[in-house]
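Structure first, then comments.
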Amino acid sequence: MSKILTVSDLTVSFDGFKAVDDLSFSVNREELRTVIGPNGAGKTTLLDMICGKTKPTHGSIKFKDLELSKMVEYQITRAGVGRKFQTPSIYQDLTVFENLEISSPTERSVFGALFFEHTSESRRKIESVAERISLQGQLKTKAGKLSHGQKQWLEIGLLLMQEPDLLLLDEPVAGMSARERELTAELLNDIATGRSLVVIEHDMVFVKMIAQTVTVLHQGKVLAEGSMDEVQNDERVIEVYLGR
Amino acid sequence: MDKAATTEKPEFNPTLASTAVGMLERFGVVVLGVLLLLVVPLSLDVFRLGLAAKYLCFAFPAVGIVLIWGYGGILSLGQGMFFGMGSYMMAMFLKLESAANPDSSSGTALSAFFGAAGLPDFMVWNSIEELPWFWEPFHHVWITIPAIIILPPLVAFILGYVNFRNRVGGVYFTIVTLAIAAIMAIVIIGQQGYTGGINGITDFKTFMGLDLDNDTAKYVMYFITVVLLLLAVLVGRFILKSLLGRVLVAIRDQEDRARFSGYDSAMFKAFVFAVGALFASVGGAMFTIQVGLASPSLVGIVPSIEMVIYAAVGGRLSLIGAVYGAFLVNGAKTFFSENFVEYWTYFIGALYVFVVMFLPLGLAGILDKLRDVGKRSG
């Protein structure tokens with residue numbers, strides 16, 4: 001299987017503290033990869049570096065043929081990497097429709113946006129994404145008025161509008177009810193078809209719902225990698241994480 | 001303000017008020033157009049019309065501030081520099097035209113005596129013998145007008161883009177704008193021979209042969225100002241109604257997210273900052289034609305802050321509100337300056353604090369509240 005993302009020898013240090021230390025890992029096309037690890041293992045920092053929020057001290061991040069560590073956020077996004085943050089990060093003052101609309105990849109230049117006009121196709125796309133995230137009835141609601149779970153879904157919706165090839169999700173079920181979790185798991189499995197996902201998660205029940213391959217990080221390095229069963233039975237993993 | 005007072009009256013009819021508010025909102029540009037094109041010129045004498053024209057010139061930067069501050073989230077305390085650029089470029093043109101006119105009183109006899117005909121009077125007084133190179137292009141109106149339209153936005157765009165790209169934003173960018181406005185005023189005052197110094201550039205007679213003291217010319221200039229101002233409001237409205245307007249709000253509220261939605265947020269912010277500079281510059285140019293003055297006192301920190309106050313009073317999310325804000329605050333300024341000059345700065349400071357604390361959305365915010373009241377009971 002061909003790789004969509006190859007991270008090699010990646011290191012970042014903050015004032016001498018190596019949050020990610022000489023880390024290498026790769027993700028296949030159309031793979032759903034779950035990354036787990038105790039607090040401070042470097043999970044979020046890893047995603048931050050892939051999407052351009054944090055610049056690595058050294059190492060390389062290859063996405064398709066592109067070296068992401070030399071690009072800035074909006075270029076990385078346009079290349080096909082989508083990022084969901086831990087706290088829902090949506091546009092509170094815009095409606096659900098407008099949130100989805102501005103996340104569409106069609107018009108990202110100043111003048112493109114100034115003279116943009118909707119087509120029936122662009123409207124349909126927004127409506128179909130809204131349906132997938134169960135917000136079709138709330139297109140005219142201001143995003144700030146949605147429930148916490150709905151905000152999380154809306155953010156996933158924003159990413160779907162971008163049509164990324166690689167989607168990075170940081171704790172997508174944090175703060176959700178059990179029912180919302182199940183729906184989110186379904187949503188992610190649904191989204192995973194046709195693209196690659198990297199999901200950071202703490203919630204082991206949720207990980208079991210979605211996981212194909214699991215990577216365990218510990219102190220900025222890869223500790224173990226494999227199926228959920230393999231990882232759960234790995235002595236080292238039990239020691240640092242699961243067996244607490 | 002008197003609208004707020006009406007709410008307390010017992011006979012206040014919310015449904016009626018909400019229709020009036022709805023009308024004002026929907027037909028805001030038309031109402032403003034009728035007011036400025038018909039009511040004001042028909043009801044004021046030439047002197048008062050001149051004052052109105054002056055206030056309207058300050059509405060230009062205020063409309064720009066609504067775009068860049070209200071929607072772009074960039075608080076610039078340096079719009080005076082763009083107003084000043086437009087103002088000074090126009091003044092240079094007018095001054096050269098006056099100096100070249102043998103009938104004008106602006107120092108021609110003196111200049112001829114010193115063998116420096118065609119040189120602005122203040123240069124002669126400062127023993128400048130040759131027109132500085134940067135004055136040369138302003139002999140021509142067809143260089144001056146494009147320069148007024150192009151240069152300030154260009155400077156704003158570069159200034160904005162460099163700062164925003166390096167993630168200098170928020171209060172840090174505000175300080176940068178403040179500092180540049182202050183520097184510009186200091187340079188103008190310091191370079192008396194080239195700029196007229198603290199006295200500014202004044203004493204113009206004609207604009208392209210049109211006698212500016214003539215009443216007809218005053219009416220013509222007033223109407224040109226109104227048309228340009230309405231145009232600025234419409235351009236602002238077009239921007240806000242487009243996808244670009246939504247992207248600006250998105251950047252204002254969640255800049256990180258917008259970057260991860262694939263937008264070069266620095267480019268968008270720099271663009272709207274440039275539009276604000278364009279409006280300010282046009283306002284400055286119209287000011288100089290009508291008031292007959294370009295002065296460093298319109299460039300520095302105090303006038304820049306006043307411009308923000310016009311927008312704040314009108315409502316920083318309302319383009320039309322900015323026009324009323326500029327009109328009201330300047331009207332109050334004229335009143336205060338005629339009566340208690342020394343208290344004006346205290347008053348404007350207090351007004352700013354009051355608006356920020358109690359009316360964060362300005363006069364437009366009062367309209368919104370009235371409409372909500374109307375909706376609830378109607």
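Because only heavy atoms are used, hydrogens play no part in the values below, and waters and symmetry mates are left out as well, while side chains stay in. Bear in mind that the values here come from a model prediction, so they are computed numbers and not experimental data. Sequence lines set the chain letters: A, B, ... in the order given, protein chains first and strands last, and positions in each chain run from 1.
For A:L94, the part sitting under 4.5 Å from any heavy atom of chain B is the side chain, from C-beta outward, and nothing else. At a 4.5 Å heavy-atom cutoff, the contact between A:E155 and chain B is made by side-chain atoms alone. A:I76 does not touch chain B: none of its heavy atoms, backbone or side chain, sits under 4.5 Å away.
When the salt bridge (charged side-chain N to carboxylate O under 4.0 Å, His left out) test is applied to B:R165, no partner is found at least two apart in sequence or on another chain.
Inter-residue side-chain proximity for A:T77 and B:R259 is flagged as unmet; no heavy-atom pair is nearer than 4.5 Å. At least one side-chain heavy atom of B:R257 sits under 4.5 Å from a side-chain heavy atom of A:L158.
Atom CD of A:E67 is surrounded by more than 12 heavy atoms from other residues, nucleotides or ligands within 6.0 Å. Shown here is A:K142, whose NZ atom has no more than 12 heavy atoms of other residues, nucleotides or ligands within 6.0 Å. In the displayed structure, B:Y172 atom OH is contacted under 6.0 Å by at most 12 heavy atoms of other residues, nucleotides or ligands. Dense packing is recorded around NZ of A:K125, with more than 12 heavy atoms of other residues, nucleotides or ligands lying under 6.0 Å away. Around atom NZ of A:K145, no more than 12 heavy atoms belonging to other residues, nucleotides or ligands sit under 6.0 Å away.
Note: A:K53 NZ to B:F260 CZ = 6.5 Å, rounded to the nearest 0.5 Å. Remark: B:D264 CG to A:Q75 CD distance equals 8.0 Å, nearest 0.5 Å. The distance from the CD1 atom of B:I239 to the CG atom of A:L114 is 6.0 Å, given to the nearest 0.5 Å. Note that OG of B:S261 and CG of A:N99 are 8.5 Å apart. Values are rounded to the nearest 0.5 Å. Here the CG atom belonging to B:L244 is positioned 9.5 Å from the CZ atom belonging to A:F115, to the nearest 0.5 angstrom.
Under the 3.5 Å distance criterion, with hydrogens and angles disregarded, no donor-acceptor pair is assigned to the side chains of B:Y263 and A:S109.
Listed options B:S265, B:S242, B:G262 were ranked by heavy-atom pairs under 4.5 angstrom with chain A; first place goes to B:G262. Considering only heavy-atom pairs separated by less than 4.5 Å from chain A, the leading option among B:R246, B:R252, B:K241 is B:R246.
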Report the C-alpha separation of A:Y74 and B:M267 in whole Å, then their side-chain angles, then the decisive distance to 0.1 Å, and conclude whether the side-chain contact (heavy atoms from CB on, under 4.5 Å) test is met.
CA-CA 11 Å; A:Y74 72 89; B:M267 184 65 88; over 6 Å; no
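Ring pair A:F111/B:F271 is perpendicular by interplanar angle, where above 60° counts as perpendicular and below 30° as parallel.
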